[in-house]
J.: 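Dropping the structure in here first, questions after.
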Amino acid sequence: MKIMAGNSNLPLARAITGYLETPLTDASVRRFADEEVFVEIHENVRGEDVFVVQSTSYPTNDNLMELLICIDALRRASAKRITAVMPYFGYARQDRKPGPRTPISAKLVANLITQAGADRVLAVDLHAGQIQGFFDIPTDNLFGAPVMAADIQARYGGGDLMVVSPDVGGVVRARALAKRLDNAPLAIVDKRRDKPGQSEVMNIIGDVRGRTCIMIDDIIDSGGTLCNAAQALMDAGAASVTAYISHGVLSGAAVSRVDNSALKELVITDSILPTEATLASKRIRIMTIAPLIGEAIRRIADESSVSSLFD
Ligand code: R5P
């Protein structure tokens, strides 16, 4: 087994190789003067089972091209099997046509990865489970929930826990976490805009008064969804609101929005390389998923069960 990495999240790739006690494959993934990506693998990979770790986070298109070109280089170097390990799968939110004459970019990206020569994909908390079906190659979707649940039990465990989905679309994810937290009760933040141009009204489904609320979502991007939901929960009488989010996209002013929000704490994973602002924030904590990904890689390489990781 060999682990190779693009430049999107080298600390995570190194942590995964640390878990697996195997060195990172010697390769350079660099730019020509005109910014074209160039990949050179400095060791033999002929007949090897190779895992390429690359999140397609910001700069999304550059990181995607790095992944595709790494896969192409490995295929031409006769690697036996190539697995695209994508701790964060960018373009995932474009998974359906929101209107006429719009693309389904998540499917296009899946096609690109497959056409480049990937034999398998390993992803974490895909925005929608059905994105697995966009790939016609085996695709494992790992869940951060067990890692999050252990952290929640240790820090916030007690009788007053309530799991909250920040929107109606996230209920399945929230229910799965609640199940892991001894069937904690569930609440839902329902955003409504009665007429175009009117401001959004937040309705809370469930009684959150006096509750330690744990919001769960796959992505925090601008932070709008979470920060507004946190405020609505506090206004409805919650004792505190903490958010556990798989992918800290945190674009634009998101970090300062979180810092000035009603959130007690935002916990994200290291699926995306944190920015300086994220690292400097006292409100944001980062949990590593390197052991989870490392263990899944080990099991794929050993041809043993990955799903049993979540039993
Ligand atoms: C949406 O369906 C996702 O699950 C997130 O809720 C969304 O991407 C968060 O975006 P933002 O932080 O910009 O509100």
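Note that ligands are numbered from 1 as they come in the structure, with each ligand's atoms numbered from 1 the same way. The first residue in the sequence is number 1, and the count goes up from there.
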J.: As an exercise, state the distance from SG of C70 to CE of M4, rounded to the nearest 0.5 Å.
T.: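 Answer rounded to 0.5 Å: 3.5 Å.
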J.: What distance do I219 atom CD1 and S251 atom OG have between them, rounded to the nearest 0.5 Å?
T.: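 The distance works out to 10.0 Å.
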J.: If we check salt bridge (Lys or Arg N to Asp or Glu O under 4.0 Å) with R30, which of these qualifies: E35, E66, E40?
T.: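 Output: one option passes, namely E40.
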J.: Does T278 form a side-chain hydrogen bond (donor to acceptor under 3.5 Å, both in side chains) with T275? I'd like the steps, not just the answer.
T.: CA-CA 5 Å; T278 303; T275 60; 2.9 Å; yes
J.: Among D119, I41, L74, I3, which residue meets the side-chain contact (heavy atoms from CB on, under 4.5 Å) test with V50?
T.: L74
J.: Please work out which of the three classes, parallel, tilted or perpendicular, describes the rings of Y156 and Y244, given edges at 30° and 60°.
T.: perpendicular
J.: Would you mind listing each N/O atom of ligand 1 next to any protein N/O under 3.5 Å, plus the distance?
T.:
| from | atom 1 | to | atom 2 | distance (Å) |
| --- | --- | --- | --- | --- |
| ligand 1 | 4 (O) | D217 | OD1 | 3.0 |
| ligand 1 | 4 (O) | D218 | OD1 | 2.6 |
| ligand 1 | 6 (O) | D217 | OD2 | 2.6 |
| ligand 1 | 8 (O) | R93 | NH1 | 3.0 |
| ligand 1 | 12 (O) | D221 | N | 2.8 |
| ligand 1 | 12 (O) | S222 | N | 3.2 |
| ligand 1 | 12 (O) | G223 | N | 2.8 |
| ligand 1 | 13 (O) | S222 | N | 2.8 |
| ligand 1 | 13 (O) | S222 | OG | 2.6 |
| ligand 1 | 14 (O) | T225 | N | 2.9 |
| ligand 1 | 14 (O) | T225 | OG1 | 2.5 |

